[in-house]
There are 2 protein chains.
Amino acid sequence: MISDISISNTDLVDPNLLKTFVTVVRCGSFSVAAQNLQYTQSAVSQQIASLEEDIGATLLTRRPVATTEAGARLLEHAEPILLRLAAARADVARASGQPPEALTVATSALALTPRVAGALRALRARHPRLDLTVQVSAREEVVTAVATGHCEVGLIDGIAAPNDPLRLWDEGTVTAVGVAERDLVVTLPTTHPMASRSSLRLADLVDAWWIDAADVAAPLVALRSLAGTDGLRSAVFYDGIDASGLLALVAAGHGLAVMPADQRLPADVIGVRLASPRLVYRIELLHGRHASEPAAWLADNLSAS
Amino acid sequence: MISDISISNTDLVDPNLLKTFVTVVRCGSFSVAAQNLQYTQSAVSQQIASLEEDIGATLLTRRPVATTEAGARLLEHAEPILLRLAAARADVARASGQPPEALTVATSALALTPRVAGALRALRARHPRLDLTVQVSAREEVVTAVATGHCEVGLIDGIAAPNDPLRLWDEGTVTAVGVAERDLVVTLPTTHPMASRSSLRLADLVDAWWIDAADVAAPLVALRSLAGTDGLRSAVFYDGIDASGLLALVAAGHGLAVMPADQRLPADVIGVRLASPRLVYRIELLHGRHASEPAAWLADNLSAS
DNA sequence: ACAACTTACGGGGGCCGTAACAATT
DNA sequence: AATTGTTACGGCCCCCGTAAGTTGT
């Protein structure tokens, strides 16, 4: 029996308001946000006004809708808070409901390597009654799916300096274990002047044209930041989720792309090792803090060490 | 204008309910929690019932009140969420209100070293109009004060392995920079058999009696976990915030304590270097993510590197 | 004029307090 | 019997939708 408990003097912030705030910012419009949230514009307007009054600052400029300085600060907090709120619900659901014997694995396209597929097959063999689902989607969606507990396990690929972890967009609730690390190649049409080189430096190719295929090759933003350049022009954006389509574009000369070294390539595309900067292709397995037995087995089985 | 925005399918959890849940767990009683929260017992009961219905699991056993497995999971999420909710409000308040030219520094007792005091004096000189307040309190309170944004800067002391950061109770919203690192001594009465040794190993003293002075010496729980022992018996708990009272107890033979090497000692107490395990005394400065100019100056000026 | 955000106002649901009830010691 | 948690009920407030108003293009 303790008597002087106080969690916070300053009161809490209503997460419903935070949610509409985040949505309004993302949509750039009150009315569009209202549609997504299944509210009227009026309600959204009132909610934002109420949030601003509660916080005591103007959060958004209207027409055009954009965050003020204060709004930007709030946004930095709002998204993780909403994520964690969902994670809390999912986590306790897993702890309370008897093991529902279902495991959903979210994965980005390139992370689903033969080794991973093999592990999933082995998991099926170990747990014949387990309802195992694999969901392929974009990287960000994999992270949020795991962070919110929508999926228990995630697999994600990306580029990083050797032995460095991928820097995720999340913080705290998700833990990552390395699954694989490989060299990178620049994919070129066989007719490309550099196609005969045995290795390439990214610096030699900053003025080339690139294909920005966020889901199926190394994202250009990541390449730029890791290479410390703001070159790597791009005019072609590939939203597909299969490598063959991208490789067809490469073959046709629409641009270059960086892919893992073991990617199978068609005859008219060649992969040249990327020697500098020293970057590797990494695959990581993500999971929440309390893994079920099948999830833990998968993590153990796939961990690189 | 984007059209397919969705933050989470599963809905949010009401933080007011989380707050009463946390309070009930901490108090171990619905009725005591109700007093602290300024509610009736009835309201608390209804809130917990409502939370349990919302989540879909029993969170607490009644009589005695304790968390179920599901409740424990929820608790792990609830506290950081509430902290962050408060942090969000404080952070935007700082960003929006014109610089209120007030800086509150929370600090644990031992962290307020001459060097720190000097830096604070220099800060006063640099910003004559700044309303600088220093608040000395227990370690946990310093952390939560910074995490919630109640104070912009915190100073905290503790023991750790050399070059390791202190492991804080928080995650994410607070960043720490090292301020100082010193050797540790075991303080003994001069009459103690070990008083003439030039250095000591903690292993030699696991069976001695210790004074548990959480705020003004190395906390025994920390020593135990870092030393990997469950010895270090204690019968004297010192809640004071000044070292001299503790040292009087040591002199009187009530027990031993571990303190930083540069602590001034009275004539009847001697400090013997702690050689094993290799531990150091560390002071860190904590701050939120967006520091005001005075806070940033303080952090720069005190950082150890 | 129209598109988009704000304000006014009324209805309904949720939340808390009072009070009666149940259960555990 | 006393203490503690639960259930019943009623009032109040808050929140959303409708609809009219305002502002910027």
Side-chain angles (χ1 to χ4, degrees), chain A residues 1-3 5 7 11-68 70-71 74 82 85 89, chain B residues 1-3 5 7 11-68 70-71 74-75 78 82 85 89:
Chain A
M1 307 283 182
I2 313 168
S3 55
I5 300 290
I7 294 176
D11 227 350
L12 304 164
V13 182
D14 185 342
N16 294 299
L17 302 186
L18 289 183
K19 181 173 175 180
T20 75
F21 173 68
V22 169
T23 310
V24 166
V25 173
R26 286 199 192 155
C27 296
S29 150
F30 283 49
S31 30
V32 178
Q35 290 179 331
N36 288 323
L37 294 167
Q38 311 261 54
Y39 285 136
T40 54
Q41 302 125 310
S42 167
V44 171
S45 181
Q46 290 175 66
Q47 288 190 17
I48 298 295
S50 152
L51 184 60
E52 288 182 325
E53 190 198 15
D54 177 38
I55 300 257
T58 305
L59 299 170
L60 295 173
T61 62
R62 333 283 151 114
R63 228 166 350 219
V65 171
T67 59
T68 63
L74 183 61
L82 294 172
L85 241 12
R89 162 165 304 210
Chain B
M1 307 281 182
I2 312 166
S3 56
I5 299 291
I7 294 176
D11 227 350
L12 304 164
V13 183
D14 185 343
N16 295 299
L17 303 187
L18 289 183
K19 181 173 175 179
T20 76
F21 173 68
V22 169
T23 309
V24 166
V25 173
R26 286 198 191 156
C27 297
S29 150
F30 282 48
S31 29
V32 177
Q35 289 180 329
N36 288 320
L37 294 167
Q38 311 260 54
Y39 283 136
T40 54
Q41 302 114 319
S42 166
V44 171
S45 181
Q46 290 176 64
Q47 287 190 19
I48 298 296
S50 151
L51 184 59
E52 288 181 325
E53 190 198 14
D54 176 38
I55 301 259
T58 305
L59 299 171
L60 295 172
T61 62
R62 332 285 153 113
R63 231 171 339 228
V65 171
T67 60
T68 63
L74 183 61
L75 195 63
L82 295 172
L85 240 13
R89 159 163 306 203

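Lettering follows sequence order; numbering is per chain, from 1.
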*asked:* For A:Gln46 and A:Ser42: C-alpha separation, side-chain torsions, deciding distance, then whether side-chain hydrogen bond (donor to acceptor under 3.5 Å, both in side chains) applies.
replied: CA-CA 6 Å; A:Gln46 290 175 66; A:Ser42 167; 2.9 Å; yes

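- Residue contacts for B:Val44: at a heavy-atom cut-off of 4.0 Å it reaches no nucleic acid atom on any strand shown.
- What separates CD of A:Gln46 from P of C:dA4 is a distance of 19 Å, to the nearest Å.
- Residue A:Leu60 contributes atom CG, which lies 10 Å from atom P of C:dC5 at whole-angstrom precision.
- Remark: the backbone N or O of A:Ala66 is paired with a side-chain donor or acceptor of A:Thr61 at under 3.5 angstrom.
- For C:dG17, the OP1/OP2 oxygens have no side-chain nitrogen or oxygen of B:Ser42 closer than 4.0 Å.
- In this structure, B:Leu17 atom CG and C:dC16 atom P are separated by 8 Å, rounded to whole Å.
- Atom-to-atom, CG of A:Leu51 to P of C:dC5 comes out at 17 Å; the value is rounded to the nearest Å.
- The nearest whole Å value for the distance from the CG atom in B:Asp14 to the P atom in C:dG14 is 13 Å.
- Between the side chain of B:Thr67 and the main chain of B:Leu60, no donor-acceptor pair closer than 3.5 Å is present.
- In this structure, CZ of A:Phe30 is placed 11 Å from P of C:dT7, rounded to the nearest angstrom.
- The 5' end of DNA chain C is approached more closely, in terms of each residue's nearest nucleotide, by B:Gln47 than by the other of B:Gln47 and B:Arg63.
- A distance-only check finds no donor-acceptor pair linking the side chain of B:Gln47 to the backbone of B:Lys19 [under 3.5 Å].
- Residue B:Gln41 contributes atom CD, which lies 18 Å from atom P of C:dA22 at whole-angstrom precision.
- Here the P atom of nucleotide D:dT7 and the CD atom of B:Glu53 are 11 Å apart, to the nearest Å.
- Contact between the side-chain N/O atoms of B:Ser45 and the OP1/OP2 oxygens of D:dT4 is not found at any separation under 4.0 Å.
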